[in-house]
Student: 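Structure in structure tokens, see below.
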Protein chains: 2
Amino acid sequence: MVETSSDTKRPTKSARTRKRILDAAAAEFRQAGYNARLVDIAERAGIQAGSLYYHFASREELVAEILQLGLATAFAQVRQAVEELDGSDIESDPRRRLETAIRAHTMAVLEQSDYASAQAKIVGQVPPDIAKAHKADQRSYGAYWNDLLETAATAGVLRADLDLFAARMLAFGAMNWTTEWFDPSRRLSADQIADTAVMMIMSGLAK
Amino acid sequence: MVETSSDTKRPTKSARTRKRILDAAAAEFRQAGYNARLVDIAERAGIQAGSLYYHFASREELVAEILQLGLATAFAQVRQAVEELDGSDIESDPRRRLETAIRAHTMAVLEQSDYASAQAKIVGQVPPDIAKAHKADQRSYGAYWNDLLETAATAGVLRADLDLFAARMLAFGAMNWTTEWFDPSRRLSADQIADTAVMMIMSGLAK
DNA sequence: GTCTATATGCAGATAGAC
DNA sequence: GTCTATCTGCATATAGAC
């Protein structure tokens, strides 16, 4: 049997380059939106544009993978934050779990991950085929949030007349739209924005 | 002096075609996002793609005008709704004024106007030059909202520790993002969504 | 695996007839 | 004013050398 690099712990050169391309693509999509060009992605990854096609069959394939990884990243960070909270409490408070999820998602999108940020930014811009393929991932993340909300509703923490789907989508809008206006060089930190998001979504702007 | 059509009340043929193009562009951008093609816009307007250039110098010029008209439309509808409220009350309640503005903006974006909807959908996707030119319009609409918020804050209606800029941007996110998920053929009406938006932004999801 | 060079396709834009 | 025909430029994609 030939000694291949899969026998070692180290990822293959191909896998490492592929990762560099994905990182570069996430950064470019985050910054420039869906119309980011392959030449710019390639340059950021330190290769020529043509070389991308050794790793990805098409631009669409690359976009699809960024969307998937972006959602997976946000999901993982939110779930981890909520589970850490559960670990610290015997009784997990459904309201605090929701607040924790809101803060974690907002932070993921604002500064934790170019992938999560890119997903939030371009998900509304991708062509129908890619959007359709992405729907399954969205449903699974949405189901997780729906669970957080339903548990809170059942516990009597949320207002009774609330439509949970509308509430969830409005909350996502507030959180994901931060990618459009957050500016790290300005007055407001990501943490402050996340705090304000938690406050508005859960308690509203009014006293 | 030659009799020109500007002497009559009726808009010139050119003005009417131009309007048809703008209407078509608003509808296409709303539906397909920034990458909507000129051929599709032209087809919807009932002309050939080349004929667009008699009315607009470039695609960018058309996009810029849609953005401007979209924001102006939302602004006008919000202002009108707030002023009607003021007329019905001797004392205008700053909280109800805010609620009215939220409902009006959400309705403008959801079903009152393809222009307002298109603006909300593509404003985050346009290239830097167009975005920069649009900034002035955004500032003026933003100033109006800031005024609504500051008046409410001064009256003690809002929570004391609130950052009004963050609050405004989060609220816009919740409202504008509805363009991504609203589906007229589904369960939730635009009115129900607007109601939920008012509730979440002003009072929060929690009891 | 990545390079250079090139092909392909498409959307925006222009020219001139009508 | 709008049409048809055509040009141009650019981004994606391919081919073959290394």
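So you know, we letter chains A, B, ... as the sequences are listed, proteins then strands, and number each from 1.
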Student: Angle class for the B/Y34/B/F29 ring planes (parallel below 30°, perpendicular above 60°, tilted otherwise)?
Tutor: parallel
Student: Using a strict threshold of under 4.0 Å (side-chain N to carboxylate O), is an ion pair present between B/D191 and B/R103?
Tutor: no
Student: What are the 5'-most and 3'-most nucleotides of DNA chain C lying under 4.0 Å from any heavy atom of chain B?
Tutor: C/dA11 to C/dT14
Student: For the ring pair (Phe, Tyr, Trp, His ring centres under 6.0 Å) test, which of B/W177, B/F165, B/Y141 pairs with B/F172?
Tutor: B/Y141
Student: Taking 4.0 angstrom as the limit, do B/R20 and B/D23 come out as a salt bridge?
Tutor: no
Student: Between the main-chain N or O of B/A152 and the side-chain N or O of B/R97, is there a donor-acceptor pair closer than 3.5 Å?
Tutor: no
Student: Summarise how protein sits on nucleotides 8-15 of chain D as a single string, 5' to 3': B when a protein heavy atom is under 4.0 Å from the base, S for sugar-phosphate-only contact, - for no contact.
Tutor: ---SSBB-
Student: Answer yes when B/E65 and B/R18 have at least one side-chain N-carboxylate O distance shorter than 4.0 Å, and no when they do not.
Tutor: yes
Student: Could you go through the side-chain hydrogen bond (donor to acceptor under 3.5 Å, both in side chains) check for B/H134 and B/Q119 one step at a time?
Tutor: CA-CA 10 Å; B/H134 190 48; B/Q119 191 273 346; 3.0 Å; yes
